[in-house]
There are 2 protein chains.
Amino acid sequence: MNLKSIDISEMASASTIVFDMLRKAIIEGDLTEGEPLRQEEIARIFNTSRIPVREAISRLQEQGLVKTQRYKGAVVASLSATEAAEIFDFRALIEPEIVRDATSRMTDDSLLAAERACIAFSACTTPMDWGNLNRAFHAALYSPSALKYFIEVSHKAMDRVERYVRAQLVMSNGMGRANEEHFAILNACKAGNADAAAALTKSHICGAKDSLLRYFPKV
Amino acid sequence: MNLKSIDISEMASASTIVFDMLRKAIIEGDLTEGEPLRQEEIARIFNTSRIPVREAISRLQEQGLVKTQRYKGAVVASLSATEAAEIFDFRALIEPEIVRDATSRMTDDSLLAAERACIAFSACTTPMDWGNLNRAFHAALYSPSALKYFIEVSHKAMDRVERYVRAQLVMSNGMGRANEEHFAILNACKAGNADAAAALTKSHICGAKDSLLRYFPKV
DNA sequence: GAGTAGAATATTGGATACAATATGCAATAT
DNA sequence: ATATTGCATATTGTATCCAATATTCTACTC
């Protein structure tokens, strides 16, 4: 036998595909706050029945990305400035620990991947890509860590605020500063200085929070 | 008009009821690790069709309480000792911040509620109730905090390890020590000493982790 | 014209029916 | 006896249909 092994049981079901697409649309702001998610409309778009759509919406609700009311349906969740700030505080607590753990586990490969992501972010020109590349950099930085639960939770936290990060990057012209901070974190990692990398990550996140609150004083 | 106001749109749907019951059963260990969740069987038990059951299982999966494989179904998720330890580390990072925030916001009422929960825990005799009362105490302690996201995430983390906490309380005869630590935290809150309350919470959680690892060296 | 009752429509929640896949067992071949 | 194939059953994934509720529109009253 000489066939490439593909685990066919890992193939995506309709409800998983719908979930991923809706999640992406919400995170990236293609679906705006408060916008209702009509089951039939979504089912039409993906050419399925409403059943997979409903399961996808259940999962989104569990993640806090939508809010549902019985017999009224789901709407895209929104955050007050206070709530957004709290999630940034949360990230500022969690993510430095991930970076600290990751630093000691980084290989040449993972450092190179992080550097590539960092460079890609710095070279990016269209605002729409900023969010994705910013996220890609953080993912590359965190992935060597063994703290799988921390990483999972931090991703969920990022999902909740990513749209605001994007908006803030655009409105505050924050790309330059974010870029500098990324390279600073990366260099601390390269030097194997876990404490410095963690501290820089913390101030990076706190800075993003402050900038956000300046630009959206009362979201 | 003189009627008690009940928001009827908040009434539980079948899928919500099934979700809550399954969640409870998993947390409390009534469903054991690896045990498969048969949709039809569960549907029969709750006298519904499989549709609400499936939505409930989707949500459980999103919380990490079950693992599903396409066309094979869902089984109750299990944790390795490493994974459980990581979740305790996570709690040890988050929950002190909640207590710190809660301490400054505690009223006489909330302090009394926490004290009642603490006393109830200390008076408890049946192992099955320990977990619930332990959880109730922590909930009473945290609820004055304004950090809603922190609280939500910490509850999800507790859900993942609660069955181990219970087992550990039984096997290590840890009730006495847990009880002392609870009162210590409570007293720090009463004294308005947020830093002390946070520190005591941290060591309380770290102690539970150490005890767990001693009794389940390789779960 | 404002406001209300009631029908008509839209939308969600759930039940049933069917399709796709997995699992267990018997029959057969080696 | 062991391994392999084909079939029967079990289970999950999805589509379709019905019921319950929300929303909109219309007719009517004042």
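These numbers come from a predicted model, not from an experiment. Letters A, B, ... mirror the listed sequences (proteins, then strands); counts begin at 1.
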message: Assess, by modelled atom type and distance only, whether the side chains of Thr201(B) and Glu95(B) contain a donor and an acceptor separated by less than 3.5 Å.
response: no
- request: Tell me, please, which residues at least two apart from Glu86(A) pass salt bridge (charged side-chain N to carboxylate O under 4.0 Å, His left out).
  value: none
- request: Verify the contact: side-chain N or O of Ser49(A) to OP1 or OP2 of dT14(D), cut-off strictly under 4.0 Å; return yes or no.
  value: no
Non-neighbouring partners of Ala167(A) that pass side-chain contact (heavy atoms from CB on, under 4.5 Å), sequence neighbours left out: Phe216(A)
task: Examine distances only and state if a side-chain atom of Thr16(A) and a backbone atom of Ala12(A) form a donor-acceptor pair shorter than 3.5 Å.
output: no
field: Donor-acceptor side-chain pairing of Thr32(A) and Glu35(A) below 3.5 angstrom
entry: yes
query: Does anyone know the first and last nucleotide of DNA chain C in reach of chain A, 5' to 3', at under 4.0 angstrom to a heavy atom?
result: dT11(C) to dA15(C)
query: Could you state the CG-P distance from Asn47(A) to dT14(D), rounded to the nearest angstrom?
result: 13 Å
message: Does the protein touch nucleotides 8-13 of chain D at the base, only the backbone, or not at all? Give it as B, S and - per nucleotide, heavy atoms under 4.0 Å.
response: ---SBB
Pairs flagged by ring pair (Phe, Tyr, Trp, His ring centres under 6.0 Å) wherever residues 87-114 of chain A is involved - sequence neighbours left out: Phe90(A)-Tyr149(B), Phe90(A)-Phe150(B)
field: Closest approach of Cys124(A) to Asp129(A) (non-hydrogen atoms, all atoms of both residues)
entry: SG-CB, 3.6 Å
- prompt: Among pairs that include at least one residue of residues 107-124 of chain B, which meet salt bridge (charged side-chain N to carboxylate O under 4.0 Å, His left out), considering only residues two or more places apart or in two chains?
  reply: Glu115(B)-Lys190(B)
